[in-house]
Amino acid sequence: QVQLVESGGGSVEAGGSLRLSCIFSGGNFRAYTVGWFRQAPGREREFVAAAFRNSGNTYHANSVKGRFTISKDNAKNTVYLQMNSLKPEDTAAYYCAAGAGVILSALRDGAAYSNWGQGTQVTVSS
């Protein structure tokens, strides 16, 4: 029922910026925890950022704090990831995810999310 459509990836040089967007449909947007994860070839899936259900409180991985910002537009059922000061190590496929029953202690665990977007590639060159 819930569907996530992600966009905004691309290729940029180190120090550049991108904004990813993910449109949510098929459920009560505010009742879902929404987040961003990334995965590079040969590496494990990594938590990037999330916004908790109802409260909208946001959380960011230490590796992106101060550079990336997750935000939500409830009127548009859209979650964003603003990425600034991009580094080559940020290169990965980025996925948005949503889950209705995510508990706070599992916020950083991709297995807790039941819905996933198609992914969008971010490539940062040096």
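The shown structure was predicted, so the numbers you read here are calculated from the model rather than taken from an experiment.
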Enclosure of Glu44 CD (heavy-atom neighbours >12, cutoff 6.0 Å):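 Not buried by this count: 12 neighbours or fewer within 6.0 Å.
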
Stepwise side-chain contact (heavy atoms from CB on, under 4.5 Å) check, Arg38 with Asp90: CA-CA 9 Å; Arg38 66 187 183 185; Asp90 295 319; 2.9 Å; yes

Under 4.5 Å side-chain heavy-atom separation, chaining through any Ile, Leu, Val, Met, Phe, Trp or Tyr, what else clusters with Tyr32? Say none if it is isolated.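 Members alongside Tyr32: Val2, Leu4, Val12, Leu18, Leu20, Phe24, Phe29, Val34, Trp36, Val48, Val64, Phe68, Ile70, Val79, Leu81, Met83, Leu86, Tyr94, Val122, Val124.
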
Hydrophobic cluster partners of Ile23 (side-chain heavy atoms under 4.5 Å):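 Under the 4.5 Å side-chain rule, Ile23 groups with nothing.
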
Closest contact, heavy atoms only, [X] versus [Y]:
| X | Y | answer |
| --- | --- | --- |
| Lys72 | Ala51 | CD-CB, 3.7 Å |
| Ser126 | Ala14 | CA-CB, 4.4 Å |
| Thr78 | Ser21 | CG2-CB, 4.4 Å |
| Ala112 | Ala106 | CB-O, 3.8 Å |

With sequence neighbours excluded, tell me which residues meet salt bridge (charged side-chain N to carboxylate O under 4.0 Å, His left out) with Glu13.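 Glu13 satisfies salt bridge (charged side-chain N to carboxylate O under 4.0 Å, His left out) with no residue once adjacent residues are dropped.
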
Could you tell me if the side chain of [Y] sits less than 4.5 Å from the side chain of [X], heavy atoms only?
| X | Y | value |
| --- | --- | --- |
| Tyr59 | Leu104 | yes |
| Gln121 | Thr91 | yes |
| Gln82 | Ser17 | yes |

Give, for atom OG1 of Thr69 and atom CZ of Arg19, the distance between the pair rounded to the nearest 0.5 Å.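 Rounded to the nearest 0.5 Å, the OG1-CZ separation comes to 12.0 Å.
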
Look up atom CD in Glu46 and atom CZ in Arg108, then write down how far apart they are to the nearest 0.5 Å.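 One finds 12.5 Å between CD of Glu46 and CZ of Arg108.
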
Taking [X] for its side chain and [Y] for its backbone only, find out whether a donor-acceptor pair lies under 3.5 Å.
| X | Y | value |
| --- | --- | --- |
| Thr123 | Ser11 | no |
| Glu6 | Gly119 | yes |
| Arg67 | Ser85 | yes |

Please report whether the ring centroid of Phe37 lies less than 6.0 Å from that of Tyr113.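 Yes - the distance between ring centres of Tyr113 and Phe37 falls below the 6.0 Å cut-off.
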
